[in-house]
Amino acid sequence: MNKLFNQIPPLLRNKYILAVAVFAVWMVFFDDRDIITTHFRYKKELNDLKHSKEYYEEKIAETRTELDKLQNDPLLLEKYARERYRMKRDEEDLYIISESKTH
């Protein structure tokens with residue numbers, strides 16, 4: 001046993017260096033916030049956020065186009081208000097018919 005202990009380099013027999021090495025291995029591979037998993041998780045999250053950004057930029061462009069059309073066309077504005085917000089003129093009656101799902 002003593003022979004085996006003497007074959008280990010003195011640098012690895014130092015308890016402080018050994019403790020730092022074990023701590024480093026633990027932090028790199030086994031911890032919840034280890035470097036490897038965190039790197040891939042953040043990379044995936046970044047890609048997801050980029051896709052979300054593209055989606056919302058498209059939605060903003062569509063909404064701006066729709067807003068521009070609504071501001072310039074009073075008939076389209078009336079149609080939009082009637083369809084989306086169920087608005088009506090004073091002399092009209094509004095009947096809402098919804099589809100019932102029967103099985």
Side-chain angles (χ1 to χ4, degrees):
M1 181 76 167
N2 203 8
K3 223 180 205 187
L4 183 65
F5 185 72
N6 287 335
Q7 289 178 350
I8 299 173
L11 190 64
L12 294 179
R13 281 187 271 166
N14 187 331
K15 63 182 174 185
Y16 299 110
I17 292 176
L18 188 60
V20 168
V22 168
F23 178 74
V25 168
W26 180 265
M27 291 305 290
V28 170
F29 295 107
F30 301 111
D31 193 48
D32 286 343
R33 298 174 192 225
D34 63 65
I35 294 170
I36 296 169
T37 306
T38 304
H39 172 73
F40 292 115
R41 185 181 312 135
Y42 288 153
K43 197 160 195 87
K44 182 186 178 309
E45 187 176 340
L46 180 63
N47 287 334
D48 292 344
L49 288 172
K50 284 180 182 178
H51 291 300
S52 293
K53 179 183 174 188
E54 291 170 4
Y55 170 78
Y56 287 116
E57 284 176 345
E58 289 175 13
K59 285 295 188 185
I60 288 171
E62 290 174 10
T63 304
R64 284 189 177 142
T65 304
E66 190 175 353
L67 177 63
D68 187 44
K69 288 178 184 177
L70 289 173
Q71 288 176 336
N72 295 325
D73 188 2
L75 294 176
L76 185 64
L77 179 62
E78 182 180 346
K79 179 183 176 195
Y80 185 85
R82 287 171 172 269
E83 290 176 357
R84 288 273 176 113
Y85 299 108
R86 298 182 173 126
M87 292 184 163
K88 65 178 188 74
R89 292 189 178 133
D90 288 334
E91 67 274 359
E92 293 178 336
D93 290 329
L94 181 64
Y95 297 100
I96 300 172
I97 301 170
S98 62
E99 295 181 27
S100 63
K101 296 181 181 182
T102 58
H103 295 279

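Positions are given from 1, in the same order as the sequence printed here.
- One hydrophobic cluster holds both F23 and W26 under the rule that ILVMFWY side chains link at heavy-atom gaps under 4.5 Å.
- If you take NZ on K79 and CG on L77, they are separated by 12.5 Å, rounding to the nearest 0.5 Å.
- Here the OG1-CD distance, from T63 to E58, works out to 11.5 Å after rounding to the nearest 0.5 Å.
- No side-chain heavy atom of K69 sits less than 4.5 Å from a side-chain heavy atom of Y80.
- Open room surrounds CD on E99; 12 or fewer heavy atoms of other groups in view lie less than 6.0 Å from it.
- Between N72 and D68, the closest heavy-atom pair is ND2-O, 3.0 Å.
- Across all their heavy atoms, L76 and L70 have their closest contact at O-CD2, 3.7 Å.
- Summarising the geometry, atom CG belonging to L67 is positioned 9.5 Å from atom CZ belonging to R64; distances are rounded to the nearest 0.5 Å.
- By the side-chain hydrogen bond (donor to acceptor under 3.5 Å, both in side chains) test, R41 is found to be paired with no residue, residues two or more places apart in sequence or in another chain being considered.
- A salt bridge links R82 to E78: at least one charged side-chain nitrogen sits closer than 4.0 Å to a carboxylate oxygen.
- When hydrophobic clusters are built by joining Ile, Leu, Val, Met, Phe, Trp and Tyr residues whose side-chain heavy atoms come closer than 4.5 Å, directly or via intermediates, L18 is not grouped with V20.
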